[in-house]
Structures are given as structure tokens and as C-alpha cells.
Colleague: 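Quick one: structure below, then a few questions.
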Amino acid sequence: MLAGHPDFSLAFVSSRELEGQPLEVVGADAAGMRYRALDPVAAAATGADALVLAMPNDKAAPFVAAIDAVRPETLIVDLSADYRFHDDWYYGLPELTRGNYNGERRISNPGCYATAMQLAIAPVRHLMSAPPQCFGVSGYSGAGTSPSPRNDPEALRDNFMPYASIDHVHEREVARHLGLPVEFLPHVAPHFRGLSITANLHLRESMSSAELRDLYRWFYDSEARVLVVDDTPWVSRIAGRHHAEIGGFTVSADGRRAVVIATLDNLLKGAATQAVQNLNLGLGLDLHLGIPLA
């Protein structure tokens with residue numbers, strides 16, 4: 001996505017595991033480029049206008065410190081959880097927070113589950129009478145690359161694994177940025193990419209399913225990356241797509257309990273697509289530049 005962006009020039013890509021291997025992307029800027037293993041000082045010395053950090057949690061701080069010391073005006077977008085709880089970093093879920101952006105050069109990219117949960121809850125946040133309960137299922141690409149049963153296709157075959165059922169980092173992230181407690185139950189499934197959130201929402205006011213759907217359509221009317229649909233979104237339909245889908249609107253007989261389904265590709269709108277949106281925002285470009293609409 002970066003190599004194909006009309007206003008970006010790819011400066012370098014750093015990886016310890018892939019050092020020396022050719023970069024398998026298309027784009028004139030990436031022709032002949034190979035992965036490099038840059039430490040924080042070397043990364044800061046490249047003089048890049050923007051730096052995307054896509055490392056495991058608790059690894060970003062040395063790179064941020066090196067940039068702060070050499071070129072503090074550099075735009076940093078961090079995909080880890082390291083700065084999602086820092087008041088001095090902009091939290092970049094563009095559909096919900098871009099009105100709060102004040103030119104910060106430090107942007108924290110939201111988590112994939114956290115993005116889906118916030119998009120599913122935000123339109124009715126002011127109507128909640130109890131903490132939302134979110135049942136999440138993700139493909140095993142969301143479990144990272146360090147070997148574990150949660151990203152082992154053989155262990156997941158004909159299987160379904162719950163994990164971190166209390167105090168998941170995305171549960172705390174959503175609670176912080178929506179300003180209300182959230183109960184989150186994550187699971188990993190045998191498919192590779194894409195996640196689904198089933199949000200159980202207790203409302204102070206009675207609503208019909210049509211009224212609920214219309215509220216979501218109004219809330220996201222101008223958002224190209226959020227599609228409100230009539231039927232239930234499927235993970236198989238969202239894989240490889242750059243938007244989130246919200247649908248499956250169902251309410252109880254008294255209209256005070258609602259269920260909403262949200263899906264997105266955890267590698268795209270849950271990570272890379274959102275990072276490009278945040279780069280565009282931080283560099284004063286159109287929010288969707290360089291991102292396919294289809």
C-alpha cells in the first residue's frame with residue numbers, strides 16, 4: 001500500500017528476520033529494495049518524513065526516543081498497543097476521532113478488535129444502560145508470528161479457542177476511548193484473516209431493528225470505510241477488503257436489548273489500511289488517498 005501510494009516514496013523497510021531478502025511489493029520506489037535491519041538510531045538517521053512502527057508490544061519506545069532526539073517533526077504511526085493509553089499521542093480511529101486531531105506528530109493505531117468494537121458501539125454509546133458485551137472471533141493471523149496454539153493451523157483444525165477472557169488489552173482500550181466499561185470475550189478460529197464482533201447492547205430506550213439500523217446509517221453516512229448493511233456481515237466477505245461492515249440488527253421484544261454484528265479484515269482496516277489513513281491525516285492528505293475503495 002505504501003509503495004503504491006501516489007504521494008509517498010518508500011524510504012526503507014526494516015526487519016531483523018527478513019534482512020537482506022528482496023521486498024516483494026510493486027511500485028517504482030521499491031524496485032530492487034531489500035529488507036534492512038535498522039536499530040533505533042539508524043532508523044532515525046534515515047531522515048524519513050514518516051515512520052511506521054509495526055513491532056510487538058513493548059518495542060517501540062527506543063525508536064520513538066531516537067526520533068525525538070534527532071527529528072521530532074517526523075510523523076510516527078505506531079501499530080502496537082504501547083501508546084494507545086497515552087494522552088499525548090493522538091489515537092487514530094479516523095471515523096470516530098479525526099475531529100480531535102490537532103496536528104500531533106505521534107499517532108497510535110488502534111487494535112483490530114478494538115476498532116470493530118468501537119465502530120459497533122459508538123452510535124449507541126449515549127443510549128447504553130449497562131456495559132456492552134462483545135463476543136469476538138478472529139482468524140489466526142491476529143495471534144502474531146510467535147509460535148503458539150493460537151496461530152497453529154493444525155491445533156486450530158476443527159477447533160475454536162477462547163483466550164484472555166478477562167482484561168484483554170483491547171477491552172481496556174475500548175473502555176478508555178469510548179468512556180464506558182466493556183466486556184470482551186475473544187476467540188481464535190481456523191481461518192487466516194478477518195474478524196467478527198457480536199455486540200450485545202442494553203439500551204435505556206426502546207428501539208425497533210429498523211430504527212437501530214437507521215441510526216447507524218445516519219452515524220456513518222459520510223464514512224467510506226464503514227458500510228452499514230441489512231443482513232448479517234460475514235467474515236468470508238470482508239477478507240481482503242479495506243472497510244468495516246456493520247449489520248445483523250436485531251432487538252428483543254421490548255426493544256431494550258440489541259445485537260449488532262461488525263466485521264473487518266484485521267490485517268487491513270484493523271491495521272494497515274488504518275495506518276495509511278493516519279499517515280494521510282498526519283501529512284495533510286485526503287484521508288482515503290492510496291486506499292482502494294473496492
Side-chain angles (χ1 to χ4, degrees), residues 84-85 91-100 110-138 162-187 189 194-235 237-238 241 243-266 269-270 274:
R84 293 175 191 160
F85 300 87
Y91 181 76
L93 206 172
E95 290 75 18
L96 300 181
T97 68
R98 69 177 180 272
N100 301 325
C112 54
Y113 270 134
T115 296
M117 283 191 281
Q118 288 177 84
L119 292 175
I121 298 168
V124 293
R125 173 176 53 182
H126 62 295
L127 298 174
M128 300 302 302
S129 64
Q133 298 146 341
C134 295
F135 182 91
V137 181
S138 174
Y163 68 98
S165 299
I166 297 291
D167 200 36
H168 190 288
V169 64
H170 290 170
E171 180 179 88
R172 291 183 276 116
E173 180 182 343
V174 173
R176 173 183 174 85
H177 292 286
L178 282 186
L180 77 170
V182 175
E183 298 170 356
F184 176 44
L185 302 168
H187 299 70
L195 64 81
S196 177
I197 288 289
T198 300
N200 186 46
L201 309 169
H202 298 278
L203 308 176
R204 294 196 312 268
E205 303 174 6
S206 178
M207 299 184 72
S208 69
S209 59
E211 289 172 332
L212 187 67
R213 180 198 60 208
D214 290 346
L215 172 60
Y216 277 73
R217 283 185 171 160
W218 168 81
F219 192 91
Y220 291 119
D221 178 63
S222 61
E223 301 299 341
R225 302 293 160 189
V226 181
L227 179 63
V228 178
V229 298
D230 289 324
D231 56 357
T232 299
W234 289 4
V235 168
R237 295 173 183 164
I238 205 68
R241 311 293 291 276
H243 67 278
E245 292 190 358
I246 303 176
F249 300 101
T250 310
V251 300
S252 60
D254 65 0
R256 300 285 293 274
R257 176 191 167 208
V259 173
V260 174
I261 314 296
T263 62
L264 55 77
D265 187 320
N266 53 295
K269 180 54 182 166
Q274 197 141 254

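All figures in this text were calculated on a predicted structure; none of them were measured in a lab.
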Colleague: Would you compute the distance between atom CG of Leu264 and atom CG of Leu227 and round it to the nearest 0.5 angstrom?
Modeller: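 Here the rounded value is 12.5 Å.
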Colleague: Please report the shortest heavy-atom distance between Pro233 and Gly247, naming the atom on each side.
Modeller: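 The answer is CG-N, 3.6 Å.
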Colleague: Looking at residues at least two apart in the chain, or sitting in another chain, which of them share a ring-ring contact (aromatic ring centres under 6.0 Å, His included) with His177?
Modeller: Tyr91
Colleague: Evaluate the side-chain proximity of Leu96 to Phe219: yes if any heavy-atom separation is below 4.5 Å, no if none is.
Modeller: yes
Colleague: Examine distances only and state if a side-chain atom of Thr263 and a backbone atom of Val235 form a donor-acceptor pair shorter than 3.5 Å.
Modeller: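 Absent.
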Colleague: How far does CZ of Phe135 sit from CD1 of Ile261, to the nearest 0.5 angstrom?
Modeller: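 Phe135 CZ to Ile261 CD1: 10.5 Å, rounded to 0.5 Å.
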Colleague: State, with a plain yes or no, whether a side-chain heavy atom of Phe184 is found less than 4.5 Å away from one of Val174.
Modeller: no
Colleague: Hey, does Asp265 have a side-chain heavy atom less than 4.5 Å from the side chain of Arg241?
Modeller: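 They are not in contact (no side-chain heavy atoms under 4.5 Å apart), so the answer is no.
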Colleague: Compare all side-chain heavy atoms of Met128 with those of Leu203 and state whether any distance is below 4.5 angstrom.
Modeller: yes
Colleague: Looking at every non-hydrogen atom in both residues, tell me the closest pair between Leu201 and Val124 and how far apart they are.
Modeller: CD1-CG2, 3.8 Å
Colleague: What do you reckon, is CZ of Arg217 surrounded by more than 12 foreign heavy atoms closer than 6.0 Å?
Modeller: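 Check passes, neighbour count above 12.
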Colleague: State the CG-CG distance between Leu93 and Leu119, to the nearest 0.5 angstrom.
Modeller: 5.5 Å
Colleague: Please answer whether the main-chain N or O of His126 pairs with a side-chain N or O of Arg204 as donor and acceptor at a distance below 3.5 Å.
Modeller: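 Checking the backbone N and O of His126 against the side chain of Arg204, a donor-acceptor pair under 3.5 Å is found.
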Colleague: Find out whether Glu211 and Val251 are in side-chain contact, i.e. whether some heavy atom of one side chain is under 4.5 Å from a heavy atom of the other.
Modeller: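 Answer no - side chains too far apart.
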Colleague: Without swapping roles, check the side chain of Gln274 against the backbone of Gly270 for a donor-acceptor pair under 3.5 Å.
Modeller: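 Judged by distance alone, no pair lies under 3.5 Å.
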Colleague: Contact between Arg125 and Gln118 at the side-chain level, heavy atoms closer than 4.5 Å - yes or no?
Modeller: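 Heavy-atom side-chain distance check fails, nothing below 4.5 Å.
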Colleague: Within this structure, what is the CG-CZ distance for the pair Asp214 and Phe249, rounded to the nearest 0.5 Å?
Modeller: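 It comes to 9.0 Å.
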Colleague: Minimum heavy-atom separation for Ile121 to Pro132, with atom names?
Modeller: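 Shortest heavy-atom separation between Ile121 and Pro132 comes out as CD1-CB, 3.7 Å.
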Colleague: Going by the rule side chain to side chain contact (heavy atoms under 4.5 Å, CB included), which residues pair with Ala224 if we only count those two or more places apart in sequence or in a different chain?
Modeller: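 By the side chain to side chain contact (heavy atoms under 4.5 Å, CB included) rule, Ala224 matches His288, Leu293.
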Colleague: Between atom SG of Cys134 and atom NE2 of His168, what is the distance when rounded to the nearest 0.5 Å?
Modeller: 12.0 Å
Colleague: Mind jotting down which residue pairs meet the salt bridge (Lys or Arg N to Asp or Glu O under 4.0 Å) criterion with at least one end in residues 171-187? Sequence neighbours excluded, please.
Modeller: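 For residues 171-187: Arg84-Glu173, Asp87-Arg176, Asp167-Arg172.
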Colleague: Looking only at heavy atoms, which two atoms of Ser165 and Leu185 are closest? And how far apart?
Modeller: O-CD2, 3.8 Å
Colleague: Set out, in order, the CA-CA distance, both residues' side-chain angles and the distance that settles side chain to side chain contact (heavy atoms under 4.5 Å, CB included) for Leu178 and Met117, then state yes or no.
Modeller: CA-CA 10 Å; Leu178 282 186; Met117 283 191 281; over 6 Å; no
Colleague: Minimum heavy-atom separation for Leu215 and Pro123, please, with both atom names.
Modeller: CD2-O, 3.7 Å
Colleague: What are the two closest non-hydrogen atoms of Thr232 and Arg237, and how far apart are they?
Modeller: O-NH1, 4.0 Å
Colleague: Determine, stepwise, if the pair Phe85 / Val169 fulfils side chain to side chain contact (heavy atoms under 4.5 Å, CB included).
Modeller: CA-CA 10 Å; Phe85 300 87; Val169 64; 4.1 Å; yes
Colleague: With distance as the sole test, does Ser129 use its side chain to make a donor-acceptor pair with the main-chain N or O of His202 at under 3.5 Å?
Modeller: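 Yes, because the side chain of Ser129 sits within donor-acceptor range (under 3.5 Å) of the backbone of His202.
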Colleague: Are the side chain of Thr97 and the backbone N or O of Asn100 linked by a donor-acceptor pair below 3.5 Å?
Modeller: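 No, because the side chain of Thr97 does not come within donor-acceptor range (under 3.5 Å) of the backbone of Asn100.
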Colleague: Quick check against the 3.5 Å criterion: does Ser252 have a side-chain atom that pairs as donor or acceptor with the backbone of Arg257?
Modeller: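 Pair found, side chain donor or acceptor close to backbone of Arg257.
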Colleague: Looking at OH of Tyr113 and CG of Asn266, how far apart are the two atoms once the value is rounded to the nearest 0.5 Å?
Modeller: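 Going from the OH atom of Tyr113 to the CG atom of Asn266 covers 8.5 Å.
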Colleague: Assess whether side chain to side chain contact (heavy atoms under 4.5 Å, CB included) is satisfied between Thr250 and Ser209, documenting all intermediate values.
Modeller: CA-CA 5 Å; Thr250 310; Ser209 59; 6.0 Å; no
Colleague: Name the one of Glu245, Glu95, His243 that satisfies side-chain hydrogen bond (donor to acceptor under 3.5 Å, both in side chains) with Lys269?
Modeller: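 Only one option passes, and that is Glu95.
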